[in-house]
Each structure stands twice: as C-alpha cells, then as structure tokens.
**Q** 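Shown below is the structure under consideration.
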Amino acid sequence: QVQLVESGGGLVQAGGSLRLSCAASGIIFSINAMGWYRQAPGKQRELVAAINSGRTTNYADSVKGRFTISRDNAKNTVYLQMNSLKPEDTAVYYCNADITETYFTHEYNYWGQGTQVTVSS
C-alpha cells in the first residue's frame, strides 16, 4: 500500500506564506503526476496545482502567480509554496498522486488525508 502524508498547514494572516509538503511512502515503482487539490466547506473539491514527471506544471487561475508546485523525486515528495495568501484560500488541501507500485501493475490514484489551511483577514 501507498500512503500520502501532508504537512505544513496552519493559520496565517492574509498576505502571509505557507509551504505544504506531501511525502509518499510504501511500495513505489514510479510516481507519475502529482498535484494539490483543496476543498472548502460546502464547495466542490478543485485542482490547485499539478506537476508531471517531466516537471510540467499547471495552476488554477485563482492561484497562478502566487503558488508554486515542485517535486523532489529522491524524497518522493511534492511541495506547494503558497505566497500572498488570501482568506478565500482557506480550505483543506489534499495531496494527490498517480503511482505505479510494481513493474507488473498499472497506475493507481492516491489521496492524502488533507491538511487545513486557514487565512485570516
């Protein structure tokens, strides 16, 4: 089994910064695409940022220019640097990854437990 563990969430004031980390552990043959999603109460879960194995990135329009996604393949970790945070960024942030566990299996999708980010005005 593969486990994704997020960390780095917390309470910050508007304009502040946070850096989220997501580490994958378990039986892993390869990690393909990785991304961050967020979900606020009563709202749909939305894609925030994604990065593939070639380090091509994609961002939601609402965070473009403020957030940066990156990955460290040696550590099986993806990061989300969040700058100039706004109250509307408040949500539970979830790590997501497409992972091939062994040579004999196809790609599976995994979710982390989520980490709370709260931005006060």
Side-chain angles (χ1 to χ4, degrees):
Q1 294 182 333
V2 172
Q3 185 178 24
L4 303 181
V5 180
E6 302 105 329
S7 62
L11 173 64
V12 298
Q13 292 183 315
S17 298
L18 284 174
R19 190 192 191 207
L20 305 183
S21 299
C22 173
S25 62
I27 301 174
I28 300 173
F29 180 77
S30 65
I31 300 178
N32 308 118
M34 303 185 78
W36 289 95
Y37 290 73
R38 67 185 181 187
Q39 187 168 24
K43 295 185 178 180
Q44 294 283 340
R45 185 173 298 186
E46 63 174 346
L47 174 68
V48 177
I51 184 168
N52 66 13
S53 59
R55 290 186 170 84
T56 299
T57 59
N58 184 46
Y59 298 93
D61 290 339
S62 60
V63 307
K64 195 172 185 178
R66 299 188 297 120
F67 292 8
T68 302
I69 188 170
S70 61
R71 63 192 289 173
D72 185 337
N73 292 334
K75 297 180 179 180
N76 290 333
T77 300
V78 63
Y79 305 94
L80 184 67
Q81 178 66 47
M82 304 185 293
N83 299 325
S84 301
L85 283 162
K86 304 174 181 179
E88 50 262 45
D89 294 319
T90 296
V92 176
Y93 284 70
Y94 297 91
C95 179
N96 179 265
D98 293 324
I99 297 174
T100 300
E101 297 179 12
T102 74
Y103 179 82
F104 304 100
T105 61
H106 60 77
E107 186 179 85
Y108 293 95
N109 185 255
Y110 295 88
W111 289 93
Q113 293 279 76
T115 183
Q116 177 70 48
V117 172
T118 302
V119 184
S120 62
S121 59

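Along the sequence shown, residues are numbered consecutively beginning with 1.
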**Q** Going from OG1 on Thr102 to CD1 on Ile27, what distance comes out if it is rounded to the nearest 0.5 angstrom?
**A**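 Going from the OG1 atom of Thr102 to the CD1 atom of Ile27 covers 8.0 Å.
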**Q** Taking Ile51 as the starting point, is it possible to reach Leu80 by hopping between hydrophobic residues whose side chains are less than 4.5 Å apart?
**A**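 Linked, Leu80 and Ile51 end up in one cluster.
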**Q** Specify the closest pair of heavy atoms between Ala49 and Tyr59, including all atoms of both residues, with the distance to one decimal.
**A** CB-CD2, 3.6 Å
**Q** Please report the interatomic distance OG1(Thr57) to CZ(Phe67), rounded to the nearest 0.5 Å.
**A**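 Taking OG1 in Thr57 and CZ in Phe67, the distance rounds to 14.0 Å.
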**Q** Looking only at non-hydrogen atoms, find the nearest pair between Leu4 and Ala24 and report the distance.
**A**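 Here Leu4 and Ala24 meet closest at CD2-CB, 3.5 Å.
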**Q** Give, for atom CG of Asn32 and atom CD1 of Ile99, the distance between the pair rounded to the nearest 0.5 Å.
**A**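 One finds 8.5 Å between CG of Asn32 and CD1 of Ile99.
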**Q** Are Ile31 and Tyr108 linked, directly or through other ILVMFWY residues, by side chains that come within less than 4.5 angstrom of each other?
**A** yes
**Q** Might you point out which heavy atoms bring Gly8 and Leu18 nearest each other, and give the distance in Å?
**A**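 Heavy-atom minimum between the residues: O-CD2, 3.7 Å.
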**Q** Considering non-hydrogen atoms only, spot the tightest contact between Leu20 and Thr115 and give its length.
**A**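 Closest heavy-atom pair between Leu20 and Thr115: CD2-CG2, 4.1 Å.
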**Q** Nearest 0.5 Å, what's the OG-NZ distance between Ser25 and Lys75?
**A**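 Between Ser25 OG and Lys75 NZ, I get 15.0 Å after rounding to 0.5 Å.
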**Q** Counting heavy atoms not belonging to Gln113, are there more than 12 under 6.0 Å from its CD?
**A** no
**Q** Looking only at non-hydrogen atoms, find the nearest pair between Ser121 and Ala14 and report the distance.
**A**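 So the two residues come closest at CA-CB, 4.4 Å.
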**Q** Is the shortest side-chain heavy-atom distance between Trp36 and Cys95 below 4.5 Å?
**A**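 Yes, at least one pair of side-chain atoms sits under 4.5 Å.
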**Q** Nearest 0.5 Å please: distance from the CD atom of Glu46 over to the CZ atom of Arg38.
**A** 4.5 Å
**Q** State, with a plain yes or no, whether a side-chain heavy atom of Met82 is found less than 4.5 Å away from one of Asp89.
**A** no
**Q** Going by heavy atoms in the side chains, are Tyr93 and Glu6 under 4.5 Å from each other?
**A** no
**Q** Mind checking the CE-OG spacing from Met34 to Ser53? Nearest 0.5 Å is all I need.
**A**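 Result: 11.5 Å between the selected atoms.
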**Q** Report yes or no: does Thr90 contribute a side-chain atom to a donor-acceptor pair with the main-chain N or O of Val119 at less than 3.5 Å?
**A**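 Yes, because the side chain of Thr90 sits within donor-acceptor range (under 3.5 Å) of the backbone of Val119.
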**Q** Locate the shortest heavy-atom distance separating Gln116 from Val92; write the atom from each residue and the value.
**A**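 What the structure gives for the nearest pair is OE1-CG2, 3.3 Å.
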**Q** Same cluster for Leu85 and Ile69 if Ile/Leu/Val/Met/Phe/Trp/Tyr side chains link at under 4.5 Å?
**A** yes
**Q** Side-chain heavy atoms under 4.5 angstrom apart, residues restricted to Ile, Leu, Val, Met, Phe, Trp, Tyr: same cluster for Val78 and Val117?
**A** yes
**Q** Would a hydrophobic clustering, with Ile, Leu, Val, Met, Phe, Trp and Tyr connected at side-chain separations under 4.5 Å, put Val12 with Val48?
**A**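 Cluster IDs for Val12 and Val48 match.
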